[in-house]
Amino acid sequence: RKEVEQDPGPFNVPEGATVAFNCTYSNSASQSFFWYRQDCRKEPKLLMSVYSSGNEDGRFTAQLNRASQYISLLIRDSKLSDSATYLCVVKINYGQNFVFGPGTRLSVLP
Amino acid sequence: DAGVIQSPRHEVTEMGQEVTLRCKPISGHNSLFWYRQTMMRGLELLIYFNNNVPIDDSGMPEDRFSAKMPNASFSTLKIQPSEPRDSAVYFCASSFFRGGQETQYFGPGTRLLVL
């Protein structure tokens with residue numbers, strides 16, 4: 001089993017739709033969780049950290065379920081500019097490496 | 001802040017040649033990571049350093065790859081000799097730890113094509 005798994009998509013949604021991505025991780029000792037966004041031919045960029053209580057940043061909401069080892073990202077009122085690949089990232093502890101999922105590709109259509 | 005700086009941004013070379021990729025992490029960051037990304041394999045961690053010391057190089061494909069971090073502000077990834085299958089985008093990233101959270105930032109990448 002891979003350490004971090006994601007549905008590769010692609011997710012094709014119309015503008016204004018709500019879309020949710022899921023991610024599962026295998027190491028129960030994982031401590032830090034993130035969502036990154038990667039545009040075509042660009043580097044991954046931090047979208048948001050994921051906290052135990054869940055957190056929101058504008059149209060983006062991240063949730064963490066430690067018991068199920070599951071992370072989610074919800075995008076409301078999707079924009080054309082949200083089209084990208086969304087990478088789930090997990091880290092066990094400080095001083096250890098970040099483990100990236102394979103990414104989920106999103107296309108928001110006009 | 002200038003962000004993570006990588007050079008060159010693009011490199012085209014012939015099989016058998018030596019390739020050296022360079023990275024300057026964000027000042028104050030104490031971890032540095034080298035990744036490789038291809039369509040087939042996605043983003044792969046090659047090696048990472050903490051306080052200039054290599055911690056995990058298990059992702060380095062083979063002896064043709066080597067990485068160094070002589071000081072906190074510079075790292076190199078060398079491929080010698082290069083092969084066509086090394087063609088990929090190579091990212092350098094650095095991270096810092098603050099407030100119980102470690103955050104990682106990527107450089108723009110080096111696009112390597114080995115002919």
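Chain letters run A, B, ... following the sequence lines, proteins first, then strands; residues in each count from 1.
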| said: I'd like to know if R41(A) pairs up with D39(A) as an ion pair, taking the criterion as any Lys NZ or Arg NE/NH1/NH2 lying under 4.0 Å from an Asp or Glu carboxylate oxygen. | reply: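 No, this pair does not count.
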
| query | Between E62(B) and R85(B), is there a side-chain N and carboxylate O pair less than 4.0 Å apart? | reply | yes

| Part of F100(A) lying under 4.5 Å from any heavy atom of chain B | side chain

| P102(A) versus chain B, heavy atoms under 4.5 Å apart: side chain, backbone, both or neither? | neither

| field | Side chain / backbone / both / neither for Q37(B) at chain A, heavy atoms under 4.5 Å | value | side chain

| message | Would you call the rings of F11(A) and F21(A) parallel, tilted or perpendicular, taking 30° and 60° as the class edges? | response |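 If you compare the ring of F11(A) with that of F21(A), the planes turn out perpendicular.
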
| Taking the six-membered ring for Trp, are F34(A) and Y36(A) parallel (under 30°), tilted (30 to 60°) or perpendicular (over 60°)? | perpendicular

| task | Output the option from F33(B), Y105(B), F91(B) having the highest count of non-hydrogen pairs under 4.5 Å with chain A. | result | F91(B)

Side-chain donor-acceptor pair present, [X], [Y], cut-off under 3.5 Å:
{"X": "Q17(B)", "Y": "Q80(B)", "result": "no"}
{"X": "Q38(A)", "Y": "T85(A)", "result": "no"}
{"X": "N22(A)", "Y": "S72(A)", "result": "no"}

| request: Name, in order of residue number, those residues of residues 47-63 of chain A that have a heavy atom at a distance of less than 4.5 Å from a heavy atom in chain B; otherwise write 'none'. | output: S49(A), Y51(A)

| message | Tell me whether V13(A) shares a hydrophobic cluster with L80(A), the cluster being built from Ile, Leu, Val, Met, Phe, Trp, Tyr side chains joined at under 4.5 Å. | response | yes

| Do any of residues 106-115 of chain B come closer than 4.5 Å to chain A, heavy atom to heavy atom, and if so which ones, in number order? |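 Within residues 106-115 of chain B, the residues under 4.5 Å from chain A are F106(B), G107(B), P108(B), R111(B).
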
| Heavy-atom distance under 4.5 Å between the side chains of R36(B) and Y90(B), does that happen here? | yes

| Is any side-chain heavy atom of D57(B) closer than 4.5 Å to a side-chain heavy atom of F65(B)? | no

| query | How long is the gap from OG1 on T18(A) to CD1 on I75(A), to the nearest 0.5 Å? | reply | 9.5 Å

